[in-house]
2 protein chains.
Amino acid sequence: MIPDIDSPPTLEWVDDHVRIIDQTLLPAEVRVVELRTVDEVVDAIGRLAVRGAPAIGACGAFGVVVAVDEALRAGGAADPDDLAGPIERISGARPTAVNLRWAVDRVVAAMDGLGAGPDRRDAALTEATAIFDEDRAACDAIGRHGAAELAEARTILTHCNAGRLATTGIGTALGVVYGKAMAGQPVEVYAAETRPLLQGARLTVWELSAAGVPVTLVPDSAACGLLHSGRVDAVVVGADRIAANGDVANKVGTFSHAVAARRAGVPFYVAAPLSTVDPGTADGAGIVIEGRDPDEVQSPDLRAAHPGPVEVWNPAFDVTPADLVTGIVTEKGVLFPDFTDAIAGVLGRT
Amino acid sequence: MIPDIDSPPTLEWVDDHVRIIDQTLLPAEVRVVELRTVDEVVDAIGRLAVRGAPAIGACGAFGVVVAVDEALRAGGAADPDDLAGPIERISGARPTAVNLRWAVDRVVAAMDGLGAGPDRRDAALTEATAIFDEDRAACDAIGRHGAAELAEARTILTHCNAGRLATTGIGTALGVVYGKAMAGQPVEVYAAETRPLLQGARLTVWELSAAGVPVTLVPDSAACGLLHSGRVDAVVVGADRIAANGDVANKVGTFSHAVAARRAGVPFYVAAPLSTVDPGTADGAGIVIEGRDPDEVQSPDLRAAHPGPVEVWNPAFDVTPADLVTGIVTEKGVLFPDFTDAIAGVLGRT
């Protein structure tokens with residue numbers, strides 16, 4: 001009931017490149033691809049070959065090292081002028097997850113004041129590796145805190161994939177599930193399929209099955225009835241960005257589960273490392289929501305078959321208002337309302 | 001902005017058989033299939049080639065005529081003993097929509113006391129045709145009442161397909177949309193795609209596009225955020241069964257939209273003919289919810305790719321509690337809470 005997070009890892013740094021599982025091919029094929037250029041890093045993040053806020057943060061961090069190497073190979077100094085363009089492309093590969101820009105900024109800051117290219121490269125790799133290691137440790141801590149908080153919750157509903165495939169460790173929402181399993185608590189999961197790209201059906205079912213955790217797949221639209229059936233003890237989801245007031249941007253559909261859970265009297269938890277908290281965004285209204293390709297929703301086949309032009313609304317995320325959140329499980333413990341105070345406190349900003 | 005409901009019709013009786021559009025093939029192909037045996041009628045209803053509570057009611061009604069013809073061809077008298085088995089198979093082809101059993105029972109009752117086979121056949125066809133015609137007229141009336149009630153609502157969110165493909169006329173929920181268009185009111189629709197079988201993406205988009213009504217497709221999971229964005233003036237859905245207290249069984253996902261609409265302050269309407277009301281079911285707890293094939297949710301490809309056994313929970317319907325319903329648009333006008341009284345009144349049972 002524990003995922004083998006190294007067979008193969010979701011992402012890792014090997015010598016001079018990033019290796020990732022191409023998650024667009026799961027579960028049919030476990031293909032490891034190498035990202036050796038900034039173009040490849042940006043493309044992998046943009047097309048969701050690597051996804052999940054903590055994982056794309058770590059990928060972006062290593063992406064800065066790739067950018068430095070690329071600049072040095074081109075005969076540049078890999079100084080701020082050389083790197084400004086590539087770094088902005090990496091940071092902007094997806095707009096909603098704050099971890100990406102946070103991680104890239106951290107690696108860039110680590111190079112600050114260092115003059116020589118190789119020194120800058122060493123500093124960048126050290127910092128990116130620290131981000132990777134810290135995320136893995138944060139997942140373990142989230143698992144422990146979540147298991148303590150949700151010790152009595154046997155059946156968990158989750159959305160999308162906030163597991164080992166979304167982080168460098170055992171995951172956030174699924175980190176709680178694995179944390180429960182490691183603590184010897186009985187646990188089973190309902191995985192909402194997560195249209196349009198089916199990260200729940202493809203990824204969460206894959207990794208939970210591989211880890212031996214019982215999982216039942218449900219259409220997103222069935223979750224409301226499921227929550228009212230009494231079969232679910234808690235909803236636990238990840239997050240792509242948490243605003244200073246506790247509003248939570250996460251995969252589209254999360255808001256729907258939160259509203260249903262409130263009516264059904266089922267507690268709704270968010271599990272995320274503090275790198276997902278954006279104290280610079282006051283509330284959910286300030287979070288940029290990525291719009292994605294209509295063809296993700298309407299296959300080209302269906303599109304061709306329809307007699308007229310069909311518009312599609314395909315936001316990647318929604319924002320769950322803080323008032324619907326029971327608790328936020330972080331590596332430093334579980335935060336409870338009032339989230340504005342709790343978040344400021346845990347970030348040391350009170 | 002009016003659907004051409006006769007090109008071809010969703011279903012019709014021709015000489016000695018039922019003709020339907022095979023809706024499993026839409027929108028790629030408009031194929032008309034003939035149902036000449038009870039087996040074919042039961043199969044068409046069961047595999048959703050014909051679907052929508054009023055349409056399967058009419059199909060079941062004509063199915064009784066098919067059963068009579070089949071009994072007569074076999075040399076029987078088409079008397080109650082001959083027909084009991086076939087009629088129970090038709091009535092039970094799907095469990096949730098009350099219209100099916102209601103329509104079959106009505107046709108059977110019309111044969112009551114008639115001795116000769118041909119007389120029984122004539123009576124059955126006359127009654128089935130009346131059911132067909134009444135549903136068409138009910139749709140028109142629902143359209144008029146809905147347009148009057150929702151005159152100020154420009155943008156409608158709907159779920160599944162409760163349109164001309166679900167009835168013998170212009171539809172129920174989409175009947176309201178067409179009623180608005182015929183009344184000269186501006187109207188546009190957000191169609192939730194309706195996993196797992198995509199009746200929204202396949203059928204509602206097809207018929208609204210053909211009728212010239214602007215339509216935007218959204219994943220079911222995006223509806224909650226959409227409702228909170230201020231872009232939707234009303235939710236209008238159909239129904240498969242309405243209990244005596246106003247609880248509404250409809251395509252799975254309806255409940256989710258209703259909960260979200262309540263929080264967002266968007267009115268939530270159900271449009272259905274009175275044949276969908278089941279005064280014999282006190283409340284939603286008494287409604288049988290059909291469970292369908294797991295392969296509708298998880299394609300065999302995905303299933304094969306997963307390492308372990310994967311359970312799937314795939315209910316066809318959910319039950320929206322009456323307290324979330326703003327009004328029920330019927331052919332006899334719009335019912336408002338208290339629905340128990342309103343329903344009893346309109347059915348003449350007060």
Side-chain angles (χ1 to χ4, degrees), chain A residues 26-29 159 190 192-196 198 201-202 205-206 208-210 212 214-226 228 231 251-260 262-263 289 294 296-298 301-302 304-315 317-319 321, chain B residues 26-29 159 190 192-196 198 201-202 205-206 208-210 212 214-226 228 231 251-260 262-263 289 294 296-298 301-302 304-315 317-319 321:
Chain A
L26 286 175
E29 181 186 353
H159 191 65
Y190 280 97
E193 62 175 352
T194 315
R195 281 283 295 164
L198 302 174
R202 295 190 300 107
V205 168
W206 181 79
L208 289 176
S209 297
V215 56
T216 301
L217 179 64
V218 292
D220 303 325
S221 61
C224 184
L226 177 69
H228 286 79
R231 270 175 280 192
K251 176 60 55 187
V252 67
T254 301
F255 187 7
S256 182
H257 299 319
V259 175
R262 172 57 52 90
R263 182 177 164 102
I289 300 296
E296 290 181 352
V297 179
Q298 191 177 40
D301 276 10
L302 273 187
H306 281 124
V310 177
E311 297 295 321
V312 174
W313 193 60
N314 184 25
F317 305 97
D318 57 26
V319 176
Chain B
L26 286 174
E29 181 186 353
H159 191 65
Y190 280 97
E193 63 175 353
T194 315
R195 282 283 294 164
L198 301 174
R202 294 189 301 107
V205 168
W206 180 80
L208 289 176
S209 297
V215 56
T216 300
L217 178 64
V218 292
D220 304 324
S221 61
C224 184
L226 178 69
H228 285 79
R231 272 176 279 193
K251 176 59 55 186
V252 67
T254 301
F255 187 7
S256 181
H257 299 320
V259 175
R262 171 58 51 90
R263 181 176 164 103
I289 300 296
E296 291 180 351
V297 179
Q298 190 178 39
D301 276 10
L302 273 187
H306 280 124
V310 177
E311 297 296 319
V312 175
W313 193 61
N314 183 26
F317 305 97
D318 57 26
V319 177

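Within every chain, numbering begins at 1; the chains are lettered A, B, ... in the order of the sequence lines, protein sequences first and strands thereafter. Bear in mind that the values here come from a model prediction, so they are computed numbers and not experimental data.
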* Please state whether the side chain, the backbone, both or neither of Leu226(B) comes within less than 4.5 Å of a heavy atom of chain A. => both

* Which of Val319(B), Thr254(B), Val218(B) touches chain A most, by non-hydrogen pairs under 4.5 Å -> Val218(B)

* **Under 4.5 Å from a heavy atom of chain B, the part of Arg195(A) involved** => both

* Interchain contact, Arg202(A) with chain B, by part (heavy-atom threshold 4.5 Å) -> both

* Is there a side-chain contact between Pro294(A) and Asn314(A), using heavy atoms and a 4.5 Å cut-off? -> no

* Reported OG1-to-CG distance for the pair Thr216(A) and Leu208(A), which is rounded to 0.5 angstrom -> 10.5 Å

* **Any donor-acceptor pair under 3.5 Å from Asp220(B) side chain to Ser221(A) backbone** => no

* Asked: Parallel, tilted or perpendicular: which fits the ring planes of Tyr190(A) and Trp313(B), with parallel below 30° and perpendicular above 60°?
  -> perpendicular

* Less than 4.5 Å apart, any side-chain heavy atom of Ser209(A) and any of Val310(B)? -> yes

* **Heavy-atom pair count under 4.5 Å with chain A, highest-scoring of Val252(B), Thr194(B), Ile289(B), Asp318(B)** => Val252(B)

* With Pro214(A) via side-chain contact (heavy atoms from CB on, under 4.5 Å) - residues at least two apart -> Met1(A), Glu188(A)

* To do: Answer with side chain, backbone, both or neither: which region of His257(A) has an atom nearer than 4.5 Å to a non-hydrogen atom of chain B?
  => neither

* To do: Go through Gly225(B), Pro219(B), Ala28(B), Ala223(B) and name the one with the most non-hydrogen pairs under 4.5 angstrom from chain A.
  => Pro219(B)

* Most contacts with chain A, counted as non-hydrogen pairs under 4.5 angstrom, among Pro315(B), Gly212(B), Ala201(B) -> Ala201(B)

